[in-house]
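Chain naming here is simple, since letters A, B, ... match the order of the sequence lines and numbering starts at 1 in each.
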Protein chains: 2
Amino acid sequence: MPHKRRAKTHIKMQMSRQDIEQSLRDKGLQPTLQRVGICQFVLCMADHPTAEDVHAWAEQNLGKISLATIYNTLGSLVDVGLLRELKFSHSEKSIYDNNLDEHHHFFDVKTGLIHDIPVQNLELSMNLGKPFKVEGYEILLKGTVKP
Amino acid sequence: MPHKRRAKTHIKMQMSRQDIEQSLRDKGLQPTLQRVGICQFVLCMADHPTAEDVHAWAEQNLGKISLATIYNTLGSLVDVGLLRELKFSHSEKSIYDNNLDEHHHFFDVKTGLIHDIPVQNLELSMNLGKPFKVEGYEILLKGTVKP
DNA sequence: GCCAACATTAGAATGATTCTAAACTTAGAA
DNA sequence: TTCTAAGTTTAGAATCATTCTAATGTTGGC
């Protein structure tokens with residue numbers, strides 16, 4: 001059973017190899033060495049990494065691994081809902097988010113880092129014309145974060 | 001002098017060739033045939049077009065024109081502040097927005113169209129930790145629009 | 001009318017991502 | 001065990017939006 005730990009703006013999943021293997025199997029994915037390794041990083045350690053970040057970590061920690069495998073694995077994890085893929089205007093690269101709770105984002109313009117903002121910290125009220133049926137929304141805050 | 005006209009969610013600038021030429025000159029850009037032509041479309045007619053959309057229109061209406069010219073021109077217009085460039089998660093392509101007022105966006109998930117939402121139609125209240133200094137924010141609403 | 005500065009162009013280059021097709025691994029069945 | 005079919009990984013090619021290059025074309029003063 002994964003247990004939880006407090007973090008600044010969201011709760012990061014702490015999972016053992018077994019937990020990860022089980023999650024993958026539950027989602028119909030074989031828990032291969034590469035996949036479990038990538039999951040360790042992307043589900044438990046990384047904070048909004050790009051595919052390139054994941055590849056760099058994997059080469060360091062798992063040995064030689066193809067970029068295609070990184071993309072395949074990230075794609076599969078997104079498909080089964082263990083990960084979310086995001087794109088922001090300030091970069092052409094996708095970033096991957098392991099926070100599965102509904103949340104918004106804060107972009108630190110100084111550091112380039114993305115922080116998660118829980119939905120309950122923002123409240124949006126809208127006054128649109130009748131024709132608009134809103135099904136959801138994304139809010140991106142921008143600014144700086146004091147150390 | 002450009003005059004104005006009401007539209008659903010924002011006011012579209014109606015400009016003569018002369019107006020456009022003057023705007024360009026005011027911004028320090030030579031009003032070449034290509035630039036004026038592209039401006040006619042992108043400032044007065046188009047609704048959140050991609051570079052490809054602009055190129056297609058230009059080939060139709062101005063004759064053969066290089067894609068590089070489209071990108072150069074759009075880039076210049078963005079640089080001088082006559083146009084804004086936006087990227088959304090649902091597409092890899094940039095789109096160009098001629099609405100210079102501060103505003104948010106509504107993505108119609110059925111049609112793929114983007115609609116502008118004036119700032120005064122949304123109100124955001126936030127309750128973040130002390131370290132966050134918010135300098136601005138972007139809101140993307142998603143849903144459908146009744147015809 | 002000339003020339004330097006600015007624009008346009010075709011096509012090559014770039015960079016992120018996806019595809020391809022071959023080689024490898026695995027999970028079961030036999 | 002051994003076999004096999006399905007699922008994975010891989011290197012490298014392909015793709016797609018965008019940018020760059022460097023050659024050619026145009027323009028606005030003088």
Between P of dA7(C) and CG of Leu29(B), the distance in whole Å | 7 Å
What integer distance in Å separates Tyr71(B):OH from dA7(C):C1'?
-> 19 Å
Of the nucleotides dT17(C), dT10(D), dT18(D), which one has an atom closest to the side chain of Ala51(B)?
-> dT18(D)
Give a yes/no on whether any side-chain N or O of Ser94(B) is located under 4.0 angstrom from OP1 or OP2 of dT18(D).
-> yes
Taking CG from Leu74(A) and C1' from dT18(C), how many angstroms apart are they, rounded to a whole number?
-> 13 Å
Has Arg35(B) got a side-chain N or O lying under 4.0 Å from the OP1 or OP2 atom of dT8(C)?
-> yes
Whole angstrom is fine here: how far is it from NE2 in His55(B) over to P in dT18(D)?
-> 13 Å
Using a cut-off of strictly less than 4.0 Å, decide whether Thr32(B) has a side-chain nitrogen or oxygen near OP1 or OP2 of dT27(D).
-> no
Nearest to the side chain of Lys93(A), which nucleotide is it out of dA16(C), dT18(D), dT8(C)?
-> dA16(C)
Gln60(B) CD: over 12 foreign heavy atoms closer than 6.0 Å | no
5' priority, DNA chain C, between Ile70(B) and Gln30(B) [closest heavy atom] | Gln30(B)
From the list dG11(C), dA16(C), dT8(C), which nucleotide is the closest neighbour of the side chain of Thr69(B)?
-> dT8(C)
Specify the separation, in whole Å, of atom CD of Glu52(A) and atom C1' of dT17(C).
-> 12 Å
